[in-house]
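One structure below.
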Amino acid sequence: MKKISVLLVDDHTVVRQGLRALLNSEEDIDVVGEAENGRQAVTLARECAPEVILMDVAMPLLNGLEATRQILKFAPSTKVLVLTSYGDDDCVAQLMDAGVSGYLLKQTAANDLLKAIREVRLGNSFFSPCIVKRLQDRSRAAFNNGQSARRGGVLTSREAEVLQLIAEGFSNKQIASELCISIKTVEKHRQQVMNKLNIHDVAGLTRYAISKGMVERSVPSAL
């Protein structure tokens, strides 16, 4: 029997250890790698080609949303299953737009997590019951208001990367080094982010990034 190959992505070591122990106890699941941030996840997704990725949302350097977008660009058949403590409507909607196959909250029972992995591997979707209810409520409200239930992201993938690094305390020079782009390009992206969000100070950008689950609520400084 071919095992389901799974990549674990979470910035908390204890969470990854617990997930690995749980999944490796199953005869049909094989954990092929672990990543502690979205950038590592993208690299390991290329190297390991997992069938299923358990993806956290708020992580340093590159969050789960942007990592998902990048991974599904070069590996569209990969199934991304979100496992996070963030369940606000915008976060769920953006990740669904990015192409995730399922969305689970971290208080999910172990049996539901195992079932979700097996379901998404088969091409099905799987969502926590509370997420399903909110999606239904959101769709119903949008229909009643004559609006689309889907809302495209305001920022480009690169702009979102720059926003996250700004929120994590990186300077323009550090962002340029991290993303391998020029300082002038960073400044351009930074200005575009501010214009699109109509937020023109770092504190405001940081609050916005935290509210969208792009970074942890306790943001370490890179300086």
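Quantities reported herein were computed from a predicted structural model and do not represent experimental measurements.
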Check: L105 main-chain N/O paired with S128 side-chain donor or acceptor under 3.5 Å:
yes
Can you confirm whether F74 sits close enough to R46 that some side-chain heavy atom of one is under 4.5 Å from a side-chain heavy atom of the other?
yes
Restricting to non-hydrogen atoms, name the atom on R69 and the atom on Q94 that form the minimum distance, rounded to 0.1 Å.
NH2-OE1, 4.3 Å
Enter the distance from L8:CG to L23:CG here, rounded to the nearest 0.5 Å.
6.0 Å
Taking C-beta and beyond as the side chain, do D56 and V9 meet within less than 4.5 Å on heavy atoms?
no
Give, for atom CG of L163 and atom CG of L205, the distance between the pair rounded to the nearest 0.5 Å.
6.0 Å
Is the side chain of Q164 donor-acceptor paired with the backbone N or O of M59 at a distance under 3.5 Å, no angle test?
yes
Minimum heavy-atom separation for L7 to A45, with atom names?
CD2-N, 4.1 Å
Exceeds 12 heavy-atom contacts within 6.0 angstrom, atom NZ of K115
no
In short, S5 meets A49 closest at the heavy-atom pair OG-O, 4.1 Å
Answer whether the closest heavy-atom distance between the side chains of L61 and F170 falls below 4.5 Å.
yes
By the definition side chain to side chain contact (heavy atoms under 4.5 Å, CB included), identify the one residue from V52, L54, I53 that meets it with P50.
I53
Using side chain to side chain contact (heavy atoms under 4.5 Å, CB included) as the criterion, point out the one residue from Q174, E161, H189 that pairs with L179.
E161
For the hydrophobic clusters of this structure (ILVMFWY residues joined by side-chain heavy atoms under 4.5 Å, transitively), does one cluster hold both V14 and V57?
no
Between atom CZ of F126 and atom CG of L113, what is the distance when rounded to the nearest 0.5 Å?
9.0 Å
Grouping I, L, V, M, F, W and Y whenever their side-chain heavy atoms are under 4.5 Å apart, do V162 and Y208 come out in a common cluster?
yes
Atom of A67, atom of M55 and distance for their closest heavy-atom approach:
CB-CE, 4.0 Å
Side-chain heavy-atom pair N37, L62 within 4.5 angstrom cut-off
no
Heavy-atom side-chain contact between V100 and L81 under 4.5 Å
no
Roughly how far, to the nearest 0.5 Å, is the CG atom of L65 from the CG atom of D97?
9.0 Å
Side chain R16, main chain D10, donor-acceptor under 3.5 Å
yes
Of all the heavy-atom pairs spanning S157 and Q70, show the shortest one and how long it is.
OG-NE2, 4.1 Å
Quick one: CE on M194 to CD on E159, what's the gap to the nearest 0.5 Å?
12.5 Å
Between E187 and R190, is there a salt bridge with N-O shorter than 4.0 Å?
no
Taking the side chain as everything from C-beta on, heavy atoms only, tell me whether E51 gets closer than 4.5 Å to K2.
yes
What distance do D11 atom CG and Q40 atom CD have between them, rounded to the nearest 0.5 Å?
10.5 Å
So if you build clusters from Ile, Leu, Val, Met, Phe, Trp, Tyr with side-chain heavy-atom gaps below 4.5 Å, do V82 and L44 land together?
yes
So, do I175 and E178 sit near enough that their side-chain heavy atoms are less than 4.5 Å apart?
no
Under a single-linkage definition using a 4.5 Å side-chain heavy-atom cutoff for Ile, Leu, Val, Met, Phe, Trp and Tyr, are V15 and L83 assigned to the same hydrophobic cluster?
yes
Give the cluster check for V80 versus V6: same hydrophobic cluster or not, with ILVMFWY residues linked at side-chain heavy-atom distances below 4.5 Å.
no
Is there side-chain contact between I29 and I117, with heavy atoms separated by less than 4.5 Å?
yes
Where is the tightest heavy-atom contact between A116 and L104, given as atom of each residue plus distance?
CB-CD1, 3.7 Å
